[in-house]
J.: 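Structure in structure tokens, see below.
Hydrogens, waters and symmetry mates play no part in the numbers below; they use all other heavy atoms, side chains included. Protein chains get the first letters and strands the later ones, always in sequence-line order, with residue 1 at the start of each.
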There are 2 protein chains.
Amino acid sequence: MDNNLDHFFAAMADPTRRAVIARLTQGAAPVSDLAAPHDMALPSFLKHLKKLETAGLVRTIKTGRVRMVALEPAKLAEAEHWLSRQRRIWEDRLERLDALALTLEADDGTTERRPDP
Amino acid sequence: MDNNLDHFFAAMADPTRRAVIARLTQGAAPVSDLAAPHDMALPSFLKHLKKLETAGLVRTIKTGRVRMVALEPAKLAEAEHWLSRQRRIWEDRLERLDALALTLEADDGTTERRPDP
DNA sequence: CAGATTGTTATCCATGTGGCTAAGTAACAC
DNA sequence: GTGTTACTTAGCCACATGGATAACAATCTG
């Protein structure tokens with residue numbers, strides 16, 4: 001799940017790739033349809049697709065000469081939960097700091113760093 | 001908010017940087033404390049910090065010769081919401097497709113592509 | 001079969017990224 | 001004020017990334 005996140009975030013760090021994701025929320029589409037709005041050569045675009053696939057964000061099936069591409073929503077959910085978890089830990093901590101500040105009221109000012117080591 | 005996401009996701013696409021984020025959920029810390037567990041030279045580590053700061057994930061204040069680093073939880077929330085939105089659009093669509101499939105029951109099989117252009 | 005469509009593979013190139021060392025600056029601590 | 005601490009800046013290097021073109025392969029269509 002670690003190298004996993006590497007690929008996921010790297011995949012999302014490009015506007016072309018995010019646009020593809022957004023497009024795919026409208027439904028599955030063949031490669032050339034997906035490529036059309038992006039002013040670049042097909043091979044370049046294929047590299048982007050490949051990264052989305054490697055990251056597990058997208059699933060593809062080739063039938064005849066057409067390759068259909070569809071979203072893999074489970075991956076979006078996974079990353080969303082990772083972020084949510086980090087944020088919750090942080091926010092819980094802020095709350096505890098607030099509580100501490102209230103109980104101690106007048107302290108020496110070192111409250112910001114390592115309240116409970 | 002676009003170039004914004006570029007920086008955010010790029011920042012998260014590195015295990016060192018994600019480790020720093022995770023560490024910071026335990027509370028703010030000075031640069032060298034953050035750097036200690038990562039087997040690399042300080043200047044290398046500073047580049048990572050810089051990216052986190054550019055992405056708006058982290059806020060730093062220098063007092064004396066020490067620079068304290070703290071998390072900016074709003075940014076985590078922002079990205080989380082972006083992901084959540086994409087996923088919801090997709091899941092709503094899946095539901096609509098299911099409904100469509102149920103009402104039409106015996107169709108010609110083209111239901112997957114462009115149900116409502 | 002001939003030709004057009006739709007990908008795919010192989011290179012190539014410029015730029016960005018992640019690591020390093022060396023040398024500099026600005027507080028502290030004594 | 002000397003020395004140590006805690007960054008900071010500058011410059012170097014290997015490799016990844018995002019783009020391109022050219023040429024190939026595998027379906028359809030007529």
Side-chain angles (χ1 to χ4, degrees), chain A residues 2-21 23-24 28-55 57-70 108-110 112-114, chain B residues 2-21 23-24 28-70 109-110 112-114:
Chain A
D2 201 32
N3 195 20
N4 222 330
L5 284 175
D6 275 28
H7 286 142
F8 171 82
F9 284 118
M12 300 298 283
D14 182 288
T16 299
R17 264 142 24 205
R18 285 197 309 275
V20 170
I21 295 293
R23 217 291 199 167
L24 287 176
V31 169
S32 21
D33 277 28
L34 289 175
H38 303 284
D39 188 27
M40 75 177 64
L42 232 209
S44 310
F45 183 78
L46 277 185
K47 285 209 219 165
H48 287 297
L49 264 194
K50 195 96 174 192
K51 292 204 175 170
L52 288 174
E53 205 171 359
T54 302
L57 277 163
V58 129
R59 192 171 18 98
T60 79
I61 308 160
K62 187 163 185 178
T63 23
R65 55 186 171 169
V66 173
R67 178 176 296 280
M68 285 298 265
V69 186
D108 64 5
T110 58
E112 261 300 305
R113 199 182 162 194
R114 298 209 189 94
Chain B
D2 201 32
N3 196 19
N4 221 328
L5 284 175
D6 275 27
H7 287 143
F8 171 81
F9 284 117
M12 299 297 283
D14 183 288
T16 300
R17 260 135 34 197
R18 285 198 308 277
V20 169
I21 295 292
R23 206 319 187 151
L24 287 175
V31 169
S32 23
D33 277 28
L34 288 176
H38 303 285
D39 187 27
M40 75 177 64
L42 231 209
S44 312
F45 184 79
L46 278 184
K47 284 209 217 167
H48 287 297
L49 264 194
K50 194 97 175 191
K51 293 204 173 171
L52 288 174
E53 204 171 359
T54 301
L57 276 162
V58 129
R59 191 171 19 98
T60 79
I61 308 160
K62 186 160 185 178
T63 22
R65 56 187 169 168
V66 171
R67 178 176 296 279
M68 285 297 264
V69 185
T110 59
E112 260 300 305
R113 201 183 161 194
R114 300 211 187 91

J.: Does a distance-only test, which skips hydrogens and angles, find a donor-acceptor pair under 3.5 Å between the side chain of Lys62(A) and the base of dG7(C)?
T.: no

J.: Could you check how far CG of Leu49(B) sits from P of dG18(C), rounded to whole Å?
T.: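 Whole-Å distance recorded here is 13 Å.
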
J.: Could you state the CZ-P distance from Arg67(A) to dA25(D), rounded to the nearest angstrom?
T.: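 In whole Å, dA25(D) P and Arg67(A) CZ are 18 Å from each other.
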
J.: What is the distance from CG of Leu52(B) to P of dT17(C), rounded to the nearest Å?
T.: 14 Å

J.: Does any part of the side chain of Asp6(A), heavy atoms only, come nearer than 4.5 Å to the side chain of Arg18(B), both counted from C-beta?
T.: yes

J.: Need to verify one output field. Residue with the more 5' nearest nucleotide on DNA chain D, Gly64(A) or Asp39(A)?
T.: Asp39(A)

J.: How many Å lie between CZ on Arg17(B) and P on dG19(C), as a whole number?
T.: 8 Å

J.: According to a strict under-4.0 Å criterion, is His48(B) in side-chain N/O contact with OP1 or OP2 of dT17(C)?
T.: no

J.: Are Met40(A) and Thr16(A) packed together at the side-chain level, in the sense that at least one heavy-atom pair is separated by less than 4.5 angstrom?
T.: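 When only atoms from C-beta onward are counted, Thr16(A) and Met40(A) do touch, with a gap below 4.5 Å.
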
J.: Would Leu52(A) and Leu49(A) satisfy side chain to side chain contact (heavy atoms under 4.5 Å, CB included), going step by step from the backbone distance to the final call?
T.: CA-CA 5 Å; Leu52(A) 288 174; Leu49(A) 264 194; 4.3 Å; yes

J.: Would you say dA20(D) has OP1 or OP2 under 4.0 Å from some side-chain N or O of Ser44(A)?
T.: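 For dA20(D), OP1/OP2 do have a side-chain N/O of Ser44(A) under 4.0 Å.
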
J.: Nearest to the side chain of Met40(B), heavy atoms from C-beta on, is which of dC7(D), dG18(C), dC20(C)?
T.: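 It is dC20(C).
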
J.: Please state how far atom CG in Leu42(A) lies from atom P in dG18(D), giving the value in whole angstrom units.
T.: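 That distance rounds to 17 Å.
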
J.: With a cut-off of less than 4.0 Å, is there a side-chain N or O of His38(B) near OP1 or OP2 of dG19(C)?
T.: no

J.: Please determine whether any donor N or O and acceptor N or O are separated by less than 3.5 Å between the side chain of Ser32(B) and the base of dA6(D).
T.: no

J.: In whole angstrom, give the distance that lies between atom CG of Asp14(A) and atom P of dG16(C).
T.: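 Roughly 14 Å, once rounded to whole Å.
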
J.: Considering only dG7(C), dG19(C), dT9(D), which nucleotide approaches the side chain of Leu46(B) most closely?
T.: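 The nucleotide sitting nearest to the side chain is dT9(D).
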
J.: Looking at dG18(C), I'd like to know if its phosphate oxygens (OP1 or OP2) sit under 4.0 Å from a side-chain N or O belonging to Lys51(B).
T.: yes

J.: When you look at Val69(A) and Asp33(A), which way does the side chain to side chain contact (heavy atoms under 4.5 Å, CB included) test go after all the steps?
T.: CA-CA 10 Å; Val69(A) 186; Asp33(A) 277 28; over 6 Å; no

J.: Starting at the 5' end of DNA chain D, which residue's closest nucleotide do you reach first, Val66(B) or Pro43(A)?
T.: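 Counting from the 5' end, the first nearest nucleotide belongs to Val66(B).
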
J.: With a 4.0 Å cutoff (strictly under), does any side-chain N or O of Lys47(A) reach OP1 or OP2 of dT9(C)?
T.: no

J.: Relative to the ring of Phe45(B), is the ring of His38(B) parallel (under 30°), tilted (30 to 60°) or perpendicular (over 60°)?
T.: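 Plane angle under 30°, so parallel.
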
J.: Can you tell me how far C1' of dG16(C) sits from CG of Asp6(B), to the nearest Å?
T.: 13 Å

J.: Could you give the CZ-to-P distance, from Phe45(A) to dT6(C), as a whole number of Å?
T.: 15 Å

J.: Please tell me if Arg65(A) has a side-chain N or O lying less than 4.0 Å from either OP1 or OP2 of dA4(C).
T.: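 Checking Arg65(A) against dA4(C): no side-chain N or O falls below 4.0 Å of OP1 or OP2.
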
